[in-house]
Every structure is written in structure tokens, then in C-alpha cells.
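As a basis for the values below, the full set of heavy atoms in this structure was taken, side chains included, without hydrogen atoms, waters or symmetry mates. We name chains A, B, ... by the order of the sequence lines, and we start the count at 1 in each one.
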Number of protein chains: 2
Amino acid sequence: MLTTATPILLRKNEAANAGSLQGQAQHRNSEQRAQLSSSQQIADALALVSDCLVPQRLMVRAGDVICQAGQRFDCLYLMNSGFVKIISLSCDGREQVVGLKFRGDWLGFDGIANQRYSCDAIAIDTGEVWAIRYDALLEASLRRPVLLNLLHQAMSREIANDRDSLMSVCTLPADARVADFLRYWADSLAKRGLRTDQIKLRMTRAEIGNYLGMTLETVSRALSRLAKAGLIEFAEGGRRDILIPEVDALRTFIQGGMTPAPALLQ
Amino acid sequence: MLTTATPILLRKNEAANAGSLQGQAQHRNSEQRAQLSSSQQIADALALVSDCLVPQRLMVRAGDVICQAGQRFDCLYLMNSGFVKIISLSCDGREQVVGLKFRGDWLGFDGIANQRYSCDAIAIDTGEVWAIRYDALLEASLRRPVLLNLLHQAMSREIANDRDSLMSVCTLPADARVADFLRYWADSLAKRGLRTDQIKLRMTRAEIGNYLGMTLETVSRALSRLAKAGLIEFAEGGRRDILIPEVDALRTFIQGGMTPAPALLQ
DNA sequence: CGACCTTTTGATAGTAGTCAAATGAAGTGG
DNA sequence: CCACTTCATTTGACTACTATCAAAAGGTCG
């Protein structure tokens with residue numbers, strides 16, 4: 001399967017059409033099937049870890065601190081259910097939501113390098129998180145290479161994800177950034193086989209704004225504008241539940257930055 | 001060394017003083033010694049990889065493409081020297097510098113998850129990069145756990161680094177963001193035992209601005225203001241070389257956001 | 001030298017931040 | 001059960017930071 005081609009360096013201006021499109025297009029064929037399979041992959045990964053490692057199962061409620069910056073690194077955590085926010089604290093006191101985690105995601109990779117966690121991981125909903133001793137995981141990985149693969153893929157995904165966040169913050173105006181946040185949340189649910197037409201935000205406007213690099217007022221206004229444009233609707237219950245009639249409309253809005261698909265009223 | 005404490009979950013509002021300070025303070029003791037040791041660690045890591053794996057050594061010049069988004073993932077790359085920028089391309093064409101890499105850093109982690117790289121890595125100066133087949137690395141890691149550790153630490157550092165970038169972009173105003181960029185560059189050089197009083201920017205204002213989420217004009221103005229405040233100086237040669245009289249002054253500026261230490265002229 | 005790119009700086013516009021007030025939601029205790 | 005406190009959210013008015021547009025100066029390389 002792996003070609004044995006030696007790495008070939010592309011000199012400046014030779015990079016023209018070397019396959020950069022193949023990788024991007026693979027997702028869009030059968031959305032349903034892709035979701036099912038990624039949901040299944042997550043389930044398989046959890047089952048594998050559960051079998052090989054007997055992780056300690058922790059029930060968490062909103063607000064619980066799963067691991068804390070500065071704390072000694074012993075365990076990685078694998079989410080079986082629930083939602084978690086990752087918070088980074090700079091030495092001069094700035095606080096920043098730097099990530100959101102869902103079922104199948106791992107927590108605590110940042111602790112490997114310095115033997116201390118560098119972020120807080122805080123549950124924003126009830127759920128179950130599995131604690132896995134890193135040394136035990138390493139040991140098991142030597143016997144079961146598939147485990148090691150799992151671990152590396154999770155770390156790789158996290159790196160790619162963080163870059164997407166940075167791109168979003170750096171390139172999109174406020175409204176599109178909020179739209180992209182909702183899209184990301186909906187996609188994350190979809191990958192895990194959950195409903196995406198209605199999503200319950202587990203974060204305050206202030207937390208969302210912090211994550212997206214804007215103020216809570218700007219988040220509120222952006223949501224109001226998205227609602228006025230028909231891209232989202234607020235559930236009758238409260239403004240914390242958001243309906244997304246069609247995620248693709250959000251996507252085109254993020255890309256275009258323009259008014260919704262057909263220039264609606266106003 | 002490792003305590004065998006089972007993970008203890010902190011319930012909401014119980015997290016008060018659970019060691020979150022210990023981790024932050026460890027860096028500041030003897031700066032010289034820390035730099036030497038981290039420089040030595042990098043050298044050791046390179047030597048270890050070189051011994052275990054016989055990597056293919058690639059000479060690169062500014063502009064060379066080391067790996068490209070969409071390309072099949074075979075190799076990780078370890079930088080022996082030079083400087084590299086990482087560029088992410090969104091499906092709708094936005095282009096974003098999402099990282100900078102120095103000696104001892106690895107490239108290509110983002111490719112593990114999907115078997116394709118998701119970013120371009122482009123040299124911005126001459127240097128030497130080692131290509132290491134991922135399958136060979138995995139195999140060697142099973143025999144030499146210290147190699148596996150090296151790999152995991154590198155990935156962990158990258159994750160922590162990306163979060164710092166996000167925090168900087170989200171929480172700092174433009175001038176401080178540029179200052180933080182210079183500080184980061186200087187720190188990166190210092191960790192590798194290189195001179196930090198004068199640094200040669202290998203990126204245009206446009207690239208820096210893209211990386212920091214601002215326009216090239218804003219970068220230029222920020223640099224001018226930093227120079228006027230005495231926090232940096234331009235080398236007589238050209239405005240591409242920047243002198244940093246004292247990095248700590250930059251640090252306090254980033255934290256305070258205020259005018260330089262003593263309220264100077266103007 | 002001349003074409004081209006990068007950088008600087010100014011003038012102006014626009015987006016997002018700040019301040020403030022009002023409404024809404026949720027929980028506490030009388 | 002309702003009054004009362006508290007926190008989250010919305011919206012408006014105004015400010016300020018950064019983007020945009022434009023022109024000129026500085027560098028680089030054939």
C-alpha cells in the first residue's frame with residue numbers, strides 16, 4: 001500500500017499541481033456513510049482502549065475540573081461522552097478557551113512534553129471520561145501497535161484542529177467566525193452520530209467570545225444577525241438552543257462573507 | 001518518581017489551589033543554564049534520530065516546498081537547521097501561516113491522521129531537513145522506547161505551541177501581538193543557543209501579518225511604534241534585521257499593553 | 001539603470017470594543 | 001408562592017482600533 005518513493009523536494013515555483021486537491025475532496029461523497037463510519041471509528045477506538053487498558057471511568061458534571069494546568073502529568077483522558085472546554089492560562093493572567101472536546105477526543109496531550117499539564121480541562125456538561133495512565137498506555141502500545149496508531153492519530157487530529165481554529169480566528173470577520181463556530185459544533189456532533197439540526201450551546205456568550213477572540217456583545221449581535229438572515233433560529237425554549245435549518249447555508253455564508261444565499265429581505 | 005495517585009476529579013469550585021502555580025514557575029531560575037540544556041536536548045534528540053534511523057538529509061533553500069497539503073503522507077521531517085513556515089489552505093482558498101519551525105522541530109504530524117499532509121511546509125532560509133519514514137520510525141520506536149518518547153514530546157510541544165499562538169491572536173492588541181511574535185522568535189533562537197540580540201526576520205510584513213491575523217500595514221506601523229518606544233531597533237543594514245536590546249522589556253510590554261517601562265518621551 | 005517588490009506613512013472608512021441600560025432567566029429565602 | 005438577588009443576554013450609543021486605499025520611498029536583481 002505504501003509507495004516506497006523517496007521524498008522529493010519541490011524547489012521554489014515547482015509546486016504547481018502536485019496533488020494538493022486530492023486530499024481536500026475526499027469527504028463530500030456520501031455524507032451519511034461518512035458520518036456513520038466516523039461514528040463507528042470512534043466507537044471502535046473506545047472499545048479497543050477499554051479492552052486493552054481497563055481505564056478508570058469518571059463521571060463528570062458541568063464545571064468539574066478534569067485536569068488542571070500545573071498539575072503533574074500522569075494520565076491521558078479519553079472522552080466517552082459529554083463536552084469539555086480546554087482553557088489555557090498565560091503567565092500574566094490572560095485566560096483563553098483554546099479548544100472544545102467531544103466523545104472520542106483525548107485530553108492531556110499537552111502534558112507529555114513537560115510532565116505537567118499546561119491547560120485546564122473543564123466539563124461543560126455531564127459525561128463520562130476515562131482516565132488512562134500514560135505509562136500503562138505506552139506499555140500496552142508496544143504490544144498492540146494498533147493502540148499506538150490510535151494515539152498518534154488522535155494527536156495528529158488535534159494538531160490539525162488547532163490550526164483550523166487559528167485560521168478561523170485570523171481570516172474570518174466576526175459574524176463568519178460565529179457561523180464557523182456553529183458549523184464546527186454541528187460537524188462535531190454529526191461525526192459522532194448525533195442530531196445536528198438543533199444544538200444546545202453549553203457555553204455562555206462570554207465563553208464563546210473568548211474562544212473566538214471577540215467580546216460577548218459581538219457574539220450576541222452576530223447571532224442576532226445570523227438569525228435575522230435565516231441562517232439559524234433560536235429555539236422557543238431559550239436563546240441557548242440554536243436550530244440550524246441547513247448547515248450548508250452556514251458554510252456558504254462563511255466562505256462568501258456575503259448576505260445569505262438569495263439576497264433576502266433587508 | 002511517578003506518584004501512583006489515582007486521578008482525582010475536582011468538583012466545581014473545589015479547584016482553588018491545587019498546584020496550578022508549580023508548573024508555571026519552573027522556567028525562570030537560571031536562564032543561561034536552561035538555554036544550554038534545551039539546546040543540548042535538541043542536539044541529543046537529533047543525534048539519537050540520526051543514529052537509530054539514518055534519515056535522508058535534504059538541503060533546502062528559501063522557497064523550497066518540503067511537503068505539501070494533499071500529498072500522501074509517508075515521512076515526518078526533522079529540522080537540523082534553517083527556518084520553515086507552515087501554511088494551511090482552507091477549502092475556500094484562504095491561506096494562513098499557522099506555524100514557524102526551527103532546528104529540532106518536526107514537520108508533518110498533521111499527516112498522520114488522514115494519511116495526507118494538511119499543510120504546506122516551506123523553507124524560508126537555507127537549511128537541512130531530515131526525512132524519516134514514518135513506518136520506519138514506528139518500527140524503531142518499538143525497539144527503542146526513548147525514540148517514542150522523543151516523538152510524543154515533540155507532538156505535545158507542538159500542541160502546546162499552537163495553543164499559545166491562538167491565545168496571542170485572541171487576547172493581544174496588534175502592537176503587543178507583533179511584540180509577542182518577536183519575543184517568540186527570540187526565545188526560539190535562545191532555546192537553540194543562537195544569538196537573540198539581533199534577529200533577521202525571514203518573512204515579509206505580509207507574511208508576518210498573515211500569521212498574526214492583521215494586515216501588512218498594521219505590522220509595519222506596530223514595528224515603527226515599538227522602535228519609537230525603544231523596545232526594538234532596526235539594524236542599519238535594512239529594516240528586515242531587528243535588534244532587541246532586552247527581551248524582558250518586550251515581555252513587560254506584552255503583559256502591560258501600556259507604554260514602555262518608564263513613560264518615555266511621547 | 002530600470003522593472004519590480006517591499007516597506008512606510010498618511011487619510012479615511014468600517015468593524016468591533018466599550019460603556020450603559022433594560023430585559024430575561026434562574027435560584028434563594030422569607 | 002412570590003419577592004429579591006444574581007447572572008446572562010440583548011440592544012443602543014459612542015469610541016477606538018484596525019483595515020482599506022493611496023502615494024512615495026527604499027531595496028533587489030536582471
- Going by the angle between their ring planes, with limits at 30° and 60°, are B:Y77 and B:Y117 parallel, tilted or perpendicular? tilted
- Indicate the ring-plane relationship of B:Y211 and B:F181, choosing parallel, tilted or perpendicular according to the 30° and 60° boundaries. perpendicular
- Query: What are the two closest non-hydrogen atoms of A:G213 and A:R177, and how far apart are they?
  - Reply: O-NH2, 3.1 Å
Give the rounded distance in Å between these two atoms: [atom1] of [X] and [atom2] of [N].
X: A:L223; N: D:dT10; atom1: CG; atom2: P; result: 7 Å
X: A:D175; N: C:dG14; atom1: CG; atom2: P; result: 16 Å
X: B:L172; N: D:dC17; atom1: CG; atom2: C1'; result: 14 Å
X: A:K228; N: D:dT10; atom1: NZ; atom2: C1'; result: 12 Å
X: A:R225; N: D:dT10; atom1: CZ; atom2: C1'; result: 12 Å
X: B:R240; N: C:dC5; atom1: CZ; atom2: P; result: 14 Å
X: A:E236; N: C:dA25; atom1: CD; atom2: P; result: 12 Å

Would you call [X] and [Y] a salt bridge, using N to O less than 4.0 angstrom?
X: A:R94; Y: A:D92; result: yes
X: B:D187; Y: B:R183; result: yes
X: B:E158; Y: B:K101; result: yes
X: B:K85; Y: B:D125; result: no

- Message: Under 4.0 Å, heavy atom to any atom of DNA chain C: which of residues 200-215 of chain B qualify?
- Response: B:T204, B:R205
- Query: Does C:dG24 have OP1 or OP2 sitting under 4.0 Å from an N or O in the side chain of A:R239?
  - Reply: no
- Message: Closer than 3.5 angstrom, by distance alone: can the side chain of A:R61 be matched with the main-chain N or O of A:T126 as a donor-acceptor pair?
- Response: no
So which protein N/O to nucleotides 9-12 of chain C N/O distances come out below 3.5 Å?
unit_1: C:dT9; atom_1: OP2; unit_2: B:S224; atom_2: OG; d: 2.7
unit_1: C:dG10; atom_1: N7; unit_2: B:R221; atom_2: NH1; d: 2.9
unit_1: C:dG10; atom_1: O6; unit_2: B:R221; atom_2: NH2; d: 3.0
unit_1: C:dA11; atom_1: N6; unit_2: B:R221; atom_2: NH2; d: 3.4

- Just one of A:L201, A:I254, A:V247, A:I208 clears the side chain to side chain contact (heavy atoms under 4.5 Å, CB included) bar with A:L182, so which one? A:L201
